[in-house]
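Some notes on the structure that comes next.
Atoms within a ligand are numbered from 1 in the order they appear, just like the ligands themselves. Because only heavy atoms are used, hydrogens play no part in the values below, and waters and symmetry mates are left out as well, while side chains stay in.
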Amino acid sequence: MADRIKFLGTAGARFVMIKQLRSSAGTWLTLEDKNLLLDPGPGTLVRCARSRPPLDPTKLDAIILSHQHIDHANDVNIMIEAMTTGGFSKRGILFAPRSALKNDPIVLKYVRKYLDEIKILKQGSVYRLGKVRISTPLRHVHPVETYGIVFRTPKYVISFVTDTRFFPALIKKYKKSDLLVINVVRHDGKGGKRMDVDHLNLEDVKKLISGIKPKQAILTHFGYTMVRSKPWELAAEVQLETGVKTTAAGDGMEFDLEKQLL
Ligand SMILES: [Zn+2]
């Protein structure tokens, strides 16, 4: 199976999710014959089944939660059920911050038993899954314990800059990325409600991309101000200003790493 990323959903934050202006399903990655699901928000199981061809959750090797917020973790239980065929075949690994298991225990206790293993994400940790190296170089600034996720394969480095406020260490820690996938919730940083300050806006994204200089960038996890402002036009603006090829993800978009990145 070719290495690829499938964006089952591209909704970010509350309003776009609640109204389902965009799907809030997670992101499915196939890397070195491993299948990983990142941040299974509401609708992930449905979008897997409706995908063409369908994505089979019993083929998943791991589920990863960057944090416990519902737009990232709502479907974690049903996806563990699906991955393990309703608990009949004990398998798979769950990666999650401690906060998602303890503070807001969004992962039900009975489904935890279906898993082969639960790995607690920590700042600076490195995990291996076959030929894929999964690391969490730094804790993000977000209201709950949140990590960005870096996938390193023998061919490339893919960094998911998940929910966070902008801070300069992001540039340093994601510096070696070939592909940068960025959650950009807000169009501009001005006049927003206080609860929104711990998300990236378009100006932050430009700083990140200019500082990191990946081969390519993909924007996703759009809040209402982004959806309203036509993300594909904003991606073109980012590309023009940074010189880095930048795409706005759409629901169901598939990115073939071998064909589109190298
Ligand atoms: Zn969040």
### Query
Ignoring waters, how many protein N/O/S atoms are under 2.8 Å from the Zn ion (ligand 1)?
4

### Task
Could you walk me through whether Phe255 and Phe7 pass ring-ring contact (aromatic ring centres under 6.0 Å, His included), step by step?
CA-CA 8 Å; Phe255 186 85; Phe7 295 85; 7.8 Å; no

### Query
What class does the angle between the rings of Phe167 and His140 fall in, given that below 30° is parallel, 30 to 60° is tilted and above 60° is perpendicular?
perpendicular

### Task
Start with the C-alpha gap between His221 and His72, add the side-chain angles, then the distance that decides, and say whether ring-ring contact (aromatic ring centres under 6.0 Å, His included) holds.
CA-CA 10 Å; His221 205 65; His72 296 257; 4.5 Å; yes

### Query
With ILVMFWY side chains joined below 4.5 Å, transitively, what does Leu108's cluster contain besides itself?
Leu8, Trp28, Leu37, Leu45, Leu55, Leu60, Ile63, Leu65, Val76, Ile78, Met79, Ile80, Met83, Leu94, Leu101, Ile106, Val107, Tyr110, Val111, Tyr114, Leu115, Ile118, Ile120

### Query
Considering residues at least two apart in sequence or located in another chain, which fulfil the ring-ring contact (aromatic ring centres under 6.0 Å, His included) criterion with Tyr224?
Phe15

### Message
Lys119: which residues meet the salt bridge (charged side-chain N to carboxylate O under 4.0 Å, His left out) condition with it, sequence neighbours left out?
### Response
Glu117

